[in-house]
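Input: a single structure, listed below in structure tokens.
Just so it is clear: chains get the letters A, B, ... in the order the sequence lines come, proteins before strands, and each one is counted from 1. Side-chain atoms are counted along with the backbone in the values below, which use heavy atoms only and exclude waters and symmetry mates.
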2 protein chains.
Amino acid sequence: MAVDRDHVLRSAAALLTRKASATLDEVAKAAGISRATLHRQFAGRDALVRALEEYGIQECEAALRTARLGEGPASDALRRLVAEIEPHAGLLAFLYTENQLFEGEELNDGWTRMDEQLGALFRRGQENGEFRIDLTPAWLTEASYGLLVSASWAVTDGRMAPNDFTRMITELLLGGVRRPHGEPGRTPS
Amino acid sequence: MAVDRDHVLRSAAALLTRKASATLDEVAKAAGISRATLHRQFAGRDALVRALEEYGIQECEAALRTARLGEGPASDALRRLVAEIEPHAGLLAFLYTENQLFEGEELNDGWTRMDEQLGALFRRGQENGEFRIDLTPAWLTEASYGLLVSASWAVTDGRMAPNDFTRMITELLLGGVRRPHGEPGRTPS
DNA sequence: CCCACCTGAGACACCGATGTCTCAGGTGGG
DNA sequence: CCCACCTGAGACATCGGTGTCTCAGGTGGG
């Protein structure tokens, strides 16, 4: 029986998040097991990545459920979502860029499900007048991923304070960089 | 002398943008030359990627110059910038993710220069009251890259219309997804 | 106690990609 | 015309990562 398949997955995620090109040797060492044992649990690198994908999807879907995207103002739902996903943003970034390599292969349904839920949130916001209607839900979904990835890398590279993660993403996503009309601007010079 | 070093670089960029794991054989074929000749121009894959990096940086810096980030409203400058960078967004995406693999190695000064120019633009916008001051220029710079990458992939994967590229990015970046207060919202159902 | 089972360590072969070399062809300039 | 030069094609060795196997050790349950 798996020594601790979950432990292996977690440490592999932590390592590959930092170094996507890590060797199976390094993954095994990171998990505190030998390459042989690692190979007994995951048939190969491909299987490991697939398992990580499944793992990441489940974590994200759990975050989606916890965030209850259907309840309350869409803006608040989005804030809850980003806050919930934050712990898994690194893994998400890894999988997001890794997916670019699944050139021909079919991709996990999980992504489609996530896309749909995110898209539905943005559509809901548009339909109840909270959100602009000139930005397509598909793009907003894509942009959310992009910002999550950027912020994740910025944090791991020390270009952003971990505490700012959720606020920077949601504030930019919701309000953009331009100052609202009403507020007084500081005059230049 | 190089058959057409520039042609090789361009076709390599076009190919690697679509398939980052392309073989040197494929790169050579894409350029219409043999692997031997390719190898005569670029010592190895590493050298090729470095050259692509230099090439991409030069294209982006040219875009930065053309956009004249220092002139006029910062919002308009940002719009000009995105429009100018659009043709090179694919290459930028490739290099952006590839840079994540330059784990230990020193990275090209060009990126720092670009970061500084972008950061200066956002800082200028903040100082003259156009932009909010609660989002750091460093994050806004990072987020710009992220959105460019996301949009680039969305276009190549057919999830976004090429025509929407500049508008989707700039509108989201500038105004965010939330509807401005003044405008009337359509009542739900 | 003893056996079944799992693990770690290492050896080994395999594979794809890469780096290097040679040689024939063909093209352009003198 | 002829030679210098470049190119394409292919052979070949290499290398890092991977997949597979064996075997000794050690641990826990019966």
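Look at CD on B:Q41: it is 11 Å from C1' on D:dC6, rounded to the nearest Å. Between A:L38 atom CG and D:dG17 atom P there is a gap of 15 Å when expressed in whole angstrom units. Atom CZ in B:R40 sits roughly 8 Å away from atom P in D:dG8 (whole-Å rounding). Across the protein-nucleic acid pair, B:F42 atom CZ and C:dA17 atom C1' stand 19 Å apart, rounded to whole Å. Look at NZ on A:K29: it is 7 Å from P on C:dA9, rounded to the nearest Å. Distance, B:I33 CD1 to D:dG10 C1': 16 Å, rounded to whole Å. The interatomic distance linking B:L24 (CG) with D:dC15 (P) rounds to 18 Å, in whole Å. Rounded to an integer number of Å, the gap from A:D25 CG to C:dG10 P is 11 Å.
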Sequence neighbours excluded and cut-off under 3.5 Å, please list the side-chain donor-acceptor pairs for residues 77-93 of chain A, or say none.
from	atom 1	to	atom 2	distance (Å)
A:R79	NH1	A:E171	OE2	3.3
A:R80	NE	A:A67	O	2.7
A:R80	NH2	A:A67	O	3.1
A:R80	NH2	A:R68	O	2.9
A:R80	NH2	A:E71	O	3.0
A:E86	OE1	A:T166	OG1	2.9
A:H88	NE2	A:E59	OE1	2.9

Throw together a table of side-chain donor-acceptor distances under 3.5 angstrom for residues 115-122 of chain B, partners on residues two or more places apart or in other chains.
from	atom 1	to	atom 2	distance (Å)
B:D115	OD1	B:Y145	OH	2.7

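Between the B:R178 side chain and the A:G176 main chain, no donor and acceptor come within less than 3.5 Å of each other. Checked by atom type and distance alone, the side chain of A:S34 pairs as donor or acceptor with a backbone atom of A:T37 at under 3.5 Å. Using a distance-only test at 3.5 Å, with no hydrogens or angles considered, a donor-acceptor pair links the side chain of A:W139 to the main chain of B:M168.
At a cut-off of 3.5 angstrom, the base of D:dG19 holds no donor-acceptor pair with the side chain of A:R45.
Checked against a 6.0 Å centroid threshold, the rings of B:W153 and B:F94 do not count as neighbours.
When every heavy atom of B:W111 is checked against every heavy atom of B:E53, the shortest pair comes out as NE1-OE2, 2.7 Å.
Of the side-chain N and O atoms in B:T37, none sit less than 4.0 angstrom from OP1 or OP2 of D:dT7. Within the structure, every side-chain polar atom (N or O) of B:S34 is placed at least 4.0 Å from both OP1 and OP2 of D:dT7.
Between B:R35 and A:H39, the residue whose closest nucleotide on DNA chain D is further toward the 5' end is B:R35.
Helical stems in DNA chain C, defined as runs of 3 or more consecutive Watson-Crick or G-U wobble pairs with both donor-acceptor distances under 3.5 Å, are listed by first residue as C:1-30 with D:1-30.
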